[in-house]
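Sequence positions, counted from 1, serve as the residue numbers for this chain. This structure is a prediction, so every number in the text was calculated from the model and none was measured.
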Amino acid sequence: MNSAAEGLRPPDAAALRDAVARALAEDRVLQDVTTQATVPPDQSGSGALLIKQDGVLCGLDLVREVYRQLGGDVALDALAADGDAVAAGQVVATLAGPLAALLSGERVALNFLQRLSGTATLTQAFVERAAEGGAARITDTRKTTPGLRALERYAVRAGGGHNHRDTLADGVLIKDNHLAAAAARGVALPELLAEARERAPHTHRIEVEAPDVETVLLAIEAGADIVMLDNMPVAAMREAVEAAAGRAVLEASGGVNLGTVREIAATGVDLISVGALTHSAPALDISLEVEPA
């Protein structure tokens, strides 16, 4: 079992229900003309969710919600949990109920399960590779599928990763475009940070994006809580960590992949944010093997 499964915070229930409802409507599941034309409503069946490649499981609650919303009285018996490491050939759940419901909901259920399991699997790969170099946390970004952020962020947690700010309302992150806008009105970084500290809620931390070590130090001296080392070479990251001397949380971002993350973690940064976790994770190969009664 993957340790991420222990104490895994569940996805937002409302977001889960809404995502499933939208997906079922998109696929017009209740107007499945093929199944309605070929499968009697009183025919029953069973199914098995079969893992076809090694990875990390995530999304069983979405499968359950798909069949709950279809109202077909399909029973799901989970044989594994979200966050568990799974292997090719493993059955992670069995289903039983009306055959028509099993068939009509199959694609929507698998779309969720395969996508979220793929994100969890890629996250675990980054977490394990980073741990070889240091103690940095792997975090996601806001580069998520519109409408699925809560679920994709849950999948990141299932893979052992952590979540960055959820929305634009959850923290101050001064990026290059904000700095350019301030410079255009004659405001330097220290003054901009003072403005942000004055105007933002007192509960919010302030993060500044920095392209070089000089800007890192300027941001720290101006009172930044977190500094993002944006697309910095590894040598510069290492220099920034030494110069910061623990005065701010340092986040590495940009140019992070499975080939570079170990070396980045070894610089001593606190966080490594990886957009690929949610925008480029390949789906895990999973099938629903259905047996008519």
Side-chain angles (χ1 to χ4, degrees), residues 126 130 133-150 152-153 156 161-257 260-261 263-280:
F126 271 95
R137 285 185 169 190
I138 296 295
T139 78
D140 54 19
T141 72
R142 287 171 38 251
K143 297 174 183 176
T144 54
T145 306
L148 296 182
R149 180 171 296 172
E152 291 178 344
R153 290 166 65 84
V156 168
H162 299 266
N163 299 141
H164 208 286
R165 62 174 181 163
D166 190 23
T167 71
L168 291 172
D170 295 320
V172 177
L173 175 46
I174 301 172
K175 305 190 78 173
D176 55 352
N177 288 331
H178 302 103
L179 293 170
R185 59 188 177 93
V187 176
L189 178 55
E191 183 182 351
L192 184 63
L193 267 167
E195 289 180 358
R197 186 74 68 187
E198 176 66 24
R199 296 170 182 172
H202 72 278
T203 55
H204 283 28
R205 292 195 293 179
I206 296 179
E207 180 170 5
V208 176
E209 183 179 272
D212 50 46
V213 177
E214 180 182 359
T215 308
V216 170
L217 293 177
L218 184 62
I220 292 174
E221 289 162 5
D225 302 298
I226 310 166
V227 182
M228 177 187 291
L229 313 184
D230 183 47
N231 285 291
M232 282 191 189
V234 168
M237 289 185 194
R238 191 175 296 111
E239 182 182 347
V241 170
E242 293 174 359
R247 290 177 291 164
V249 173
L250 298 184
E251 171 190 343
S253 181
V256 182
N257 56 53
T260 62
V261 69
E263 188 178 15
I264 291 171
T267 66
V269 294
D270 303 289
L271 307 171
I272 303 174
S273 55
V274 186
L277 301 182
T278 52
H279 71 58
S280 296

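Using modelled atom types, one side-chain atom of Asp140 and one backbone atom of His164 make a donor-acceptor pair closer than 3.5 Å. Without hydrogens or angle criteria, Thr144 side chain to Arg153 main chain gives no donor-acceptor distance under 3.5 Å.
Looking only at side-chain heavy atoms (C-beta outward), Phe126 and Val256 come within less than 4.5 Å of each other. Two residues are said to be in side-chain contact when any heavy atoms from C-beta on lie closer than 4.5 Å; Ile138 and Leu277 meet this criterion.
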Identify all side-chain donor-acceptor contacts of residues 171-192 below 3.5 Å with residues at least two apart in sequence or on another chain.
unit_1 : atom_1 : unit_2 : atom_2 : d
His178 : ND1    : Lys175 : N      : 3.0
Arg185 : NH2    : Glu195 : OE1    : 2.9

When the side chains of residues 221-240 are checked against the rest of the protein, which donor-acceptor pairs come out under 3.5 Å, sequence neighbours left out?
unit_1 : atom_1 : unit_2 : atom_2 : d
Asp225 : OD2    : Arg197 : NH1    : 3.2
Asp225 : OD2    : Arg197 : NH2    : 3.4
Asp225 : OD2    : Ile206 : N      : 2.8

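To the nearest 0.5 angstrom, Glu214 atom CD is 7.5 Å from Leu218 atom CG. Atoms CZ and CD1, from Arg137 and Ile272 in turn, are 12.5 Å apart once rounded to the nearest 0.5 Å. Note that CD of Glu209 and OG of Ser253 are 7.5 Å apart. Values are rounded to the nearest 0.5 Å. For the atom pair Leu250 CG and Ile220 CD1, the distance stands at 6.0 Å (nearest 0.5 Å).
In summary, of the residues considered (Thr145, Thr278, Asn163), a side-chain hydrogen bond (donor to acceptor under 3.5 Å, both in side chains) with Glu152 occurs for Thr145 alone.
Side-chain atoms of Ser273 and Thr141 form no donor-acceptor pair, as typed in the model, at a separation below 3.5 Å.
Shown here is Arg165, whose CZ atom has more than 12 heavy atoms of other residues, nucleotides or ligands within 6.0 Å. Atom CZ of Arg142 has more than 12 heavy atoms from other residues, nucleotides or ligands within 6.0 Å.
Scanning all heavy atoms of the two residues, the minimum distance from Ile264 to Gly255 falls at CD1-O, 4.5 Å. Of all heavy-atom pairs spanning Leu193 and Ala219, the tightest one is CD1-O, 3.7 Å.
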